[in-house]
Amino acid sequence: MSALAADGEPLIRWNWIGDHSDELTTLTLHHLKLALLPILFGLIIAIPLGIMCVRWRWLYPPTLGVANVLYGVPSLALFMLFIPYFGIGSGGQADFTIILPLTLFSLSVLVPNVVDGLRSVPDPVRQAATAMGFGALRRLVQVELPIAVPVIIAGARVAAVASISLVSVGVLIGNGGLGQLFIDGYSRDFTTPIIVSCVLIIVLALFSDGVLVTAQRLLTPWARTRRSNG
């Protein structure tokens with residue numbers, strides 16, 4: 001028996017889901033693109049920036065301060081700052097009105113995790129790599145970054161979930177992925193699109209988290225070996 005709203009109408013009309021399956025698929029894929037590209041771009045920026053912050057410690061406080069200030073700006077306000085450059089709407093360069101602000105938001109999580117991950121590498125490990133003839137770059141790539149992967153991925157998981165949630169705000173400037181269903185349902189006093197969009201956003205968050213956990217396991221095979229031997 002279906003749950004009923006206050007006016008006696010069913011909360012979910014299952015036939016609506018079937019009739020709009022193509023639209024739901026398109027919105028879901030677009031939402032995923034808008035949410036995960038900022039994490040990719042954020043990692044591309046945060047990893048070298050984090051390495052520089054570890055190398056030159058004086059750089060870390062101002063970098064973290066700027067990232068936190070950007071994160072404190074309301075997402076809608078930051079979206080609107082990019083409208084003159086990329087426009088509004090969905091698709092094409094207008095997507096960057098959403099993607100670039102979310103990239104800036106992700107840095108407040110990713111940069112500290114990159115720095116913490118690199119600082120967590122034990123000094124004896126660095127010294128052993130140096131004694132084996134590893135140069136600074138080779139030691140960074142083959143020793144320090146792999147050891148830092150779990151901490152970096154942990155930050156990416158948090159940033160990904162936040163990004164998936166914040167994409168929906170973009171519907172207020174005409175490009176919010178699944179957030180479009182919120183407006184559609186609210187304007188028609190129709191609960192089905194609202195519930196479906198909430199469920200799909202949760203599924204996307206779980207899916208993204210699972211992908212990142214799998215990536216961590218693939219990048220740290222020694223951790224699986226240690227657990228199995230333990």
Side-chain angles (χ1 to χ4, degrees), residues 1-43 74-80 82-83 86-106 109 153-218:
M1 182 176 179
S2 300
L4 301 178
D7 57 3
E9 291 292 324
L11 287 175
I12 300 180
R13 294 183 182 177
W14 299 103
N15 61 322
W16 182 90
I17 298 175
D19 294 340
H20 293 78
S21 57
D22 290 342
E23 179 187 2
L24 292 174
T25 300
T26 300
L27 289 174
T28 300
L29 294 176
H30 189 59
H31 194 108
L32 196 62
K33 170 190 172 184
L34 294 176
L36 295 189
L37 280 181
I39 306 306
L40 176 60
F41 295 154
L43 286 171
S75 56
L76 181 58
L78 202 54
F79 292 161
M80 294 181 69
F82 285 87
I83 289 177
F86 300 105
I88 61 175
S90 177
Q93 72 173 19
D95 286 348
F96 285 94
T97 305
I98 305 295
I99 291 171
L100 292 183
L102 292 183
T103 299
L104 296 177
F105 283 143
S106 73
V109 176
I153 293 293
R157 291 170 66 184
V158 173
V161 172
S163 183
I164 288 171
S165 175
L166 287 172
V167 164
S168 301
V169 179
V171 71
L172 298 176
I173 60 171
N175 190 8
L178 290 167
Q180 181 61 45
L181 298 177
F182 295 152
I183 300 299
D184 180 50
Y186 181 78
S187 63
R188 295 192 291 151
D189 195 21
F190 183 29
T191 58
T192 298
I194 298 173
I195 295 174
V196 169
S197 62
C198 289
V199 171
L200 288 175
I201 288 171
I202 292 172
V203 169
L204 286 182
L206 293 173
F207 169 76
S208 301
D209 192 68
V211 168
L212 288 171
V213 169
T214 302
Q216 176 180 328
R217 291 177 178 175
L218 293 175

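Just so you know, these numbers use all the heavy atoms, side chains as well, and skip hydrogens, waters and symmetry mates.
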Would you say the side chain of [Y] lies within less than 4.5 Å of the side chain of [X], judging by non-hydrogen atoms?
{"X": "Phe79", "Y": "Leu102", "value": "yes"}
{"X": "Thr192", "Y": "Leu181", "value": "no"}
{"X": "Ile201", "Y": "Phe182", "value": "yes"}
{"X": "Leu104", "Y": "Phe82", "value": "yes"}

If I compare all heavy atoms of [X] with all of [Y], which pair ends up nearest, and what's the gap?
{"X": "Thr97", "Y": "Gly87", "result": "OG1-O, 2.7 Å"}
{"X": "Gly155", "Y": "Val109", "result": "O-CG1, 3.3 Å"}
{"X": "Arg13", "Y": "Phe190", "result": "CD-CE1, 3.7 Å"}
{"X": "Ala160", "Y": "Leu36", "result": "CB-CD2, 4.4 Å"}
{"X": "Arg188", "Y": "Pro193", "result": "NH2-CG, 4.2 Å"}
{"X": "His31", "Y": "Ile164", "result": "NE2-O, 2.8 Å"}

Is the count of non-hydrogen atoms from other residues, nucleotides or ligands lying under 6.0 Å from Phe96 atom CZ greater than 12?
no

Greater than 12 external heavy atoms within 6.0 Å of Leu37's CG:
yes

What distance do [X] atom [atom1] and [Y] atom [atom2] have between them, rounded to the nearest 0.5 Å?
{"X": "Leu172", "Y": "Met80", "atom1": "CG", "atom2": "CE", "result": "9.5 Å"}
{"X": "Thr214", "Y": "Ile153", "atom1": "OG1", "atom2": "CD1", "result": "10.5 Å"}
{"X": "Leu200", "Y": "Leu27", "atom1": "CG", "atom2": "CG", "result": "9.0 Å"}
{"X": "Leu178", "Y": "Leu29", "atom1": "CG", "atom2": "CG", "result": "9.5 Å"}
{"X": "Ile99", "Y": "Leu34", "atom1": "CD1", "atom2": "CG", "result": "5.5 Å"}
{"X": "Asp184", "Y": "Glu23", "atom1": "CG", "atom2": "CD", "result": "7.0 Å"}

Donor-acceptor under 3.5 Å (Ser208 side chain, Ala205 main chain)
no

Please, which pairs that meet side-chain hydrogen bond (donor to acceptor under 3.5 Å, both in side chains) have at least one residue in residues 160-169, sequence neighbours excluded?
none

Identify which one of Ile98, Leu166, Val167 satisfies the side chain to side chain contact (heavy atoms under 4.5 Å, CB included) criterion when paired with Ser75.
Leu166

Residues at least two apart in sequence or cross-chain that pass ring-ring contact (aromatic ring centres under 6.0 Å, His included) with Phe105, listed by chain then number, are Tyr71

Just to verify, what does His20 make a ring-ring contact (aromatic ring centres under 6.0 Å, His included) with, not counting sequence neighbours?
Trp16

